[in-house]
Amino acid sequence: MAEILRVGVAGLGTVGASVVRLLQRQREALAARTGREIRLVGVSTRDKAKDRGLDLSGATFFDDPTALAASSSIDLFVELIGGAEGAARASVETALASGKSVVTANKALLAAHGLALAELAEAKHAALAFEASVAGGIPIVKTLREGLAGNSIERVYGVLNGTCNYILSRMELERLSFADCLTEAQRLGYAEADPTFDIGGFDTAHKLAILASLAFGTRIAPEAVDIEGIERVTLADIDAAAELGFRIKLLGVAQRTAQGIEQRVHPTMVRKTTSIAQVMGVTNAVTIDADAVHELTLVGPGAGGDATASAVVADIADIARGVRSAPFGLPSSALRACERTPVQRHEGGYYIRLSVPDVPGAFAAIATRMAERKISLESIMQHGARAARRGADAPVGVILITHATTELLVREALDAILADGTIAEPAQVIRIERE
């Protein structure tokens with residue numbers, strides 16, 4: 001058997017503790033599969049006294065994760081601290097600079113500094129592996145980088161944030177408001193005390209930037225992602241979607257267009273018959289459209305200690321075998337620049353919900369503004385009781401579904417409708433993702 005692979009783990013939170021347990025539980029199986037014993041020899045954590053139920057008797061404690069990363073006692077550094085800067089960045093850079101391979105689950109670090117870290121890893125002939133950074137236990141990074149190397153990928157999209165998917169699922173299935181579902185998600189630990197990073201779409205954007213780089217051979221560029229969160233989704237939208245045969249998901253979508261690579265995160269109408277629509281609760285799913293395999297969907301747990309640890313340990317096993325893939329599928333020097341493709345150029349169908357006074361001429365005025373921009377309407381649906389039961393001046397909910405058009409034209413038409421005074425408040429607009 002080859003020499004021992006000595007591993008140091010920085011961060012013993014939920015994921016870090018699960019990684020240690022998995023390495024110990026699967027010690028013999030991993031040795032048989034990789035031809036090497038994988039031994040935990042060093043750990044770094046802020047609270048050494050905390051009882052995590054782990055056997056750490058064979059590991060040396062380091063107060064400073066950067067010192068662990070620099071130590072000659074380890075061959076492989078596992079970063080599970082989190083965050084784009086500070087100790088996480090410093091320790092990963094230190095490990096790579098000293099020629100050690102790195103495994104990380106840190107999507108924020110990769111989104112902010114992935115290209116520079118990949119260049120450093122390549123210069124030092126070290127591995128930089130990050131399967132756990134996107135979609136937890138789903139092997140999407142390896143699928144894009146290695147499994148589909150013979151394919152030309154046209155689009156990659158998916159449900160990449162369990163918090164948002166849990167909230168939207170509960171809203172639909174239990175008829176609860178967004179606020180009530182968020183409170184419940186926080187109580188169960190699915191959402192942070194400050195949930196902005198999740199519900200605002202930023203977590204999904206970081207993951208999408210990584211997937212886009214792998215899928216299209218571009219430099220990772222989180223600033224190129226257009227982002228909308230789920231805060232404005234209401235039960236009225238959930239109900240209308242169901243009536244029309246759709247379900248609302250927060251999707252991250254990256255696709256080739258004539259103008260370049262389009263990257264966007266936003267609430268999306270998806271047909272209930274699609275694979276993505278069936279994914280409920282905290283589960284994640286990623287669909288890949290490619291020329292040889294056509295459509296491939298991977299579904300699984302997107303977070304949690306064991307699921308994420310599974311991906312971390314898979315990377316450790318690859319490194320034990322001697323696998324050294326270019327982090328983003330191509331040498332860093334071959335990655336193309338990724339410029340932002342304005343979302344105004346996006347083409348597709350749209351769901352539009354308007355609050356319209358129930359007076360003569362209101363619908364005609366809306367139709368006129370749409371027709372001026374050659375926006376074709378697939379359907380018009382009225383939601384709510386008639387005026388006789390609501391009061392003569394009460395507005396009525398109107399749902400428009402458009403045929404394929406551009407974001408720019410939709411926004412121009414709605415701005416004109418609002419300026420006309422035909423509607424009392426800005427419209428709700430949700431894009432419809434093609435199948």
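This is a predicted model, so every value here is computed, not measured. Because only heavy atoms are used, hydrogens play no part in the values below, and waters and symmetry mates are left out as well, while side chains stay in.
- With hydrogens and angles ignored, the 3.5 Å screen pairs no side-chain donor or acceptor of Asn106 with any backbone N or O of Glu79.
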Set out, in order, the CA-CA distance, both residues' side-chain angles and the distance that settles side-chain hydrogen bond (donor to acceptor under 3.5 Å, both in side chains) for Thr257 and Glu262, then state yes or no.
CA-CA 7 Å; Thr257 71; Glu262 183 179 279; 5.2 Å; no
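- Interatomic distance, Ser101 OG to His125 NE2, rounded to the nearest 0.5 Å: 12.0 Å.
- At most 12 heavy atoms of other shown residues, nucleotides or ligands fall within 6.0 angstrom of atom CZ in Arg39.
- Side-chain contact annotation: Tyr190 with Asp198, donor-acceptor N/O pair under 3.5 Å absent.
- For Arg336, the CZ atom counts as densely surrounded, since its 6.0 Å shell holds more than 12 non-hydrogen atoms of other residues, nucleotides or ligands.
- Salt bridge annotation for Glu407-Arg431: present, with a cationic side-chain nitrogen under 4.0 angstrom from a carboxylate oxygen.
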Tell me, with the steps shown, if Val233 and Leu250 meet side-chain contact (heavy atoms from CB on, under 4.5 Å).
CA-CA 10 Å; Val233 177; Leu250 181 77; over 6 Å; no
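- Between Ala290 and Asn151, the shortest heavy-atom contact is CB-OD1, 3.5 Å.
- Side-chain N or O atoms of Ser44 include one that pairs as donor or acceptor with a backbone N or O of Phe62 at under 3.5 Å.
- Here the shortest heavy-atom pairing between Met280 and Ser169 reads CA-OG, 3.5 Å.
- Using a distance-only test at 3.5 Å, with no hydrogens or angles considered, no donor-acceptor pair links the side chain of Ser310 to the main chain of Asp306.
- Annotation: side chain of Lys50 is not in contact with side chain of Leu12 (no heavy-atom distance under 4.5 Å).
- If you take CD1 on Ile38 and CG on Leu30, they are separated by 4.5 Å, rounding to the nearest 0.5 Å.
- Closest approach of Lys207 and Asn161 over heavy atoms only: NZ-CA, 4.5 Å.
- How far CD1 of Ile167 is from CG of Leu182: 4.5 Å, rounded to the nearest 0.5 Å.
- Closest approach of Ala95 and Phe77 over heavy atoms only: CB-CB, 3.8 Å.
- Counting only N and O atoms by type, the side chains of Thr405 and Arg373 include no donor and acceptor under 3.5 Å apart.
- When only modelled atom types and interatomic distance are considered, Gln24 and Asp55 share no side-chain donor-acceptor pair under 3.5 Å.
- Using modelled atom types, one side-chain atom of Thr402 and one backbone atom of Tyr350 make a donor-acceptor pair closer than 3.5 Å.
- Few gaps surround CZ on Arg321; more than 12 heavy atoms of other groups in view lie less than 6.0 Å from it.
- Salt bridge present: Arg170 and Glu174 bring a charged side-chain N and a carboxylate O closer than 4.0 Å.
- Residues Leu40 and Val19 are not in side-chain contact: their nearest non-hydrogen atoms beyond the backbone lie 4.5 Å or more apart.
- Proximity of Arg175 to Asp239: side-chain heavy atoms (C-beta onward) are separated by under 4.5 Å at one or more points.
- Ion pairing of Arg145 with Glu131 is absent here, as no side-chain N (NZ or NE/NH1/NH2) approaches a carboxylate O to less than 4.0 Å.
- The backbone N or O of Pro301 sits nowhere less than 3.5 Å from a side-chain atom of Asn284 that would complete a donor-acceptor pair.
- Glu37 and Ala31 get closest at one heavy-atom pair: CA-CB, 4.3 Å.
- The backbone N or O of Thr218 lies less than 3.5 Å from a partner atom in the side chain of Ser213, making a donor-acceptor pair.
- A donor-acceptor pair shorter than 3.5 Å cannot be found between the side chains of Gln428 and Thr234.
- Taken to the nearest 0.5 Å, the CD1 atom of Ile399 stands 6.0 Å off from the CZ atom of Arg353.
- The side chain to side chain contact (heavy atoms under 4.5 Å, CB included) test with Leu5 is passed by exactly one of Ile316, Thr34, Val41: Ile316.
- Looking only at distances, a side-chain donor or acceptor of Ser98 sits under 3.5 Å from a matching main-chain atom of Thr94.
- Counting only distance, with no hydrogens or angles, the side chain of Arg247 and the backbone of Lys272 share no donor-acceptor pair below 3.5 Å.
- Residues Thr163 and Pro195 are not in side-chain contact: their nearest non-hydrogen atoms beyond the backbone lie 4.5 Å or more apart.
- Using bins of under 30°, 30° to 60° and over 60° for the plane-to-plane angle, the ring pair His266/His346 lands in the tilted bin.
- Looking at Lys374, its side chain never comes within 3.5 Å of a backbone N or O of Leu409 through a donor-acceptor pair.
- The shortest non-hydrogen separation linking Glu433 to Val270 is CB-CG1, 4.3 Å.
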Go through it in stages, so that I can follow the logic: the residues are Ile199 and Phe178, the test is side-chain contact (heavy atoms from CB on, under 4.5 Å), and I'd like the CA-CA distance, side-chain angles, deciding distance and then a yes or no.
CA-CA 10 Å; Ile199 65 172; Phe178 173 83; 3.9 Å; yes
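- Put simply, the side chain of Val429 reaches to within 4.5 Å of the side chain of Arg411, judged on heavy atoms.
- Counted within 6.0 Å of CD on Glu192, heavy atoms from surrounding residues, nucleotides or ligands total 12 or fewer; the atom is thus considered open.
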Under the side-chain contact (heavy atoms from CB on, under 4.5 Å) criterion, do Val159 and Lys249 qualify, and how do the steps go?
CA-CA 7 Å; Val159 174; Lys249 298 291 183 185; 4.2 Å; yes
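- Inter-residue side-chain proximity for Lys107 and Ile210 is flagged as met; some heavy-atom pair is nearer than 4.5 Å.
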Does Ile417 form a side-chain contact (heavy atoms from CB on, under 4.5 Å) with Met370? I'd like the steps, not just the answer.
CA-CA 9 Å; Ile417 291 167; Met370 293 289 178; 4.2 Å; yes
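- Looking at heavy atoms from C-beta onward, Ile288 lies out of side-chain contact with Val293 at the 4.5 angstrom threshold.
- Side-chain contact between Thr341 and Asp226 is absent, with no heavy-atom pair separated by less than 4.5 Å.
- In this structure a side-chain-to-backbone donor-acceptor pair under 3.5 Å is present from Glu122 to Ser332.
- Interatomic distance, OG1 of Thr104 versus CG of Leu109, reported as 5.5 Å (0.5 Å rounding).
- A 6.0 Å sphere centred on CZ of Arg46 holds no more than 12 heavy atoms belonging to other residues, nucleotides or ligands.
- Here Arg155 contributes atom CZ and Glu295 contributes atom CD; the two are 7.5 Å apart, rounded to the nearest 0.5 Å.
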